[in-house]
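Note that ligands are numbered from 1 as they come in the structure, with each ligand's atoms numbered from 1 the same way.
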Amino acid sequence: MTNETASLLLYDIPVASRFLLGTARYPSPAILAEAIRAAGAEIVTVSLRREAGASRAGESFWSLIRELGVRVLPNTAGCRTAKEAIATAQMARELFATDWIKLEVIGEEDTLQPDVFGLVDAARALADDGFSVFPYTTEDLVVAERLLDAGCRVLMPWAAPIGSGRGINNLFGLRALRAHFPDVPLIVDAGLGAPSQAAAVMELGFDAALLNTAVSRARDPVEMARAFALAIDAGRAAHVAGLMTPRDMAEPSTPVLGRAFDEGRK
Ligand SMILES: CC(=O)[C@@H](O)[C@H](O)COP(=O)(O)O
């Protein structure tokens, strides 16, 4: 089996669904549950800070997640420093009994882009402490190298700022990242607004996509989850099948054998 057709392994766990779904800001817990089912997601990300509070009736939320039988990837959404992210990750490990953590250290308010310096520091501390770290990062190759050196075995580059729905902001950067790390699982996280954008990142050869806003804020989140699931599968299938290389000039798609009229004969 080649890398292209092998199933996805995240920290040695085989994962069949390449669609990871966020659980924030759905109209209701019932719609969230239906959206997770429609997505076929096996992994959902949950913010400890936003969802575990008493105001969200935390216990019923967790029992819903347990009923669905999905794997929880807790995240450190909203953390602004390495110290805060590390403390949040440690609480999440206690609460969910998992050492998986989606590590977010936000560095700037307008773009919610990662503070890559704090991210690398926190990733190193958490990996040393036995966590399986999924860092939310940019497409920067040097930062990616540092995160791998720090002990990360998966990277989660953004497509665009969280909640922006812009799709791929830096096509060259994402292509370079994929080419540079052919054997590292790369999950595009954040900024995907339309199923076609999710298909596009999968066509580029990314291993999976994680999104939240485009589904949770859709008029019909369940149907939107289904649409993204189809697109992610389609993009992956196209990548595995081998996409054609675009050309500048036309090439007849139908081979011509002989001619109806011989122009040369009078
Ligand atoms: C849910 C979560 O972890 C978000 O921080 C994630 O990055 C998704 O981003 P979008 O909401 O842009 O899909």
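- For the pair Gly191 and ligand 1, a heavy-atom separation below 4.0 Å is found.
- Distances below 4.0 Å separate heavy atoms of Leu211 from the following atoms of ligand 1: 13 (O).
- Classification of the Phe134-Trp100 ring pair by plane angle, with boundaries at 30° and 60°, yields tilted.
- For ligand 1, the polar-atom distance check against Asn212 finds a nitrogen or oxygen pair separated by under 3.5 Å.
- Each of the atoms 6 (C), 7 (O), 8 (C) of ligand 1 lies under 4.0 Å from some heavy atom of Asp189.
- Those atoms of ligand 1 with a heavy atom of Thr45 less than 4.0 angstrom away are 1 (C), 3 (O).
- Summarising the geometry, atom CD1 belonging to Ile36 is positioned 4.5 Å from atom CD1 belonging to Ile65; distances are rounded to the nearest 0.5 Å.
- Taking a 6.0 Å sphere around CZ of Arg219, one finds it holds 12 or fewer heavy atoms contributed by other residues, nucleotides or ligands.
- Residue contact check for ligand 1: Gly163 places a non-hydrogen atom closer than 4.0 Å to it.
- Checking only distances, Gly22 never comes within under 3.5 Å of ligand 1, N or O to N or O.
- With sequence neighbours excluded, no residue forms a side-chain hydrogen bond (donor to acceptor under 3.5 Å, both in side chains) with Arg124.
- What you find for Ala85 and Cys79 is that their closest heavy atoms are CA-SG, 3.8 Å.
- Using a 4.0 Å heavy-atom cutoff, Met156 is absent from the residues neighbouring ligand 1.
- Any N or O atom pair closer than 3.5 Å counts here, and Glu104 shares at least one such pair with ligand 1.
- Residue Lys102 is tested with Asp189, Asn75, Thr76, Thr45 for a side chain to side chain donor-acceptor pair (under 3.5 Å); the sole match is Asp189.
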Just distance, no hydrogens or angles: give the donor-acceptor pairs under 3.5 Å from side chains in residues 207-217, sequence neighbours left out.
unit_1: Asp207; atom_1: OD2; unit_2: Arg178; atom_2: NH1; d: 2.7
unit_1: Asp207; atom_1: OD2; unit_2: Leu186; atom_2: N; d: 2.8
unit_1: Asn212; atom_1: OD1; unit_2: Thr23; atom_2: N; d: 3.4
unit_1: Asn212; atom_1: OD1; unit_2: Ala24; atom_2: N; d: 3.2
unit_1: Asn212; atom_1: ND2; unit_2: Ala24; atom_2: O; d: 3.0
unit_1: Asn212; atom_1: ND2; unit_2: Ser216; atom_2: OG; d: 3.2
unit_1: Ser216; atom_1: OG; unit_2: Ala24; atom_2: O; d: 3.3
unit_1: Ser216; atom_1: OG; unit_2: Asn212; atom_2: O; d: 3.4

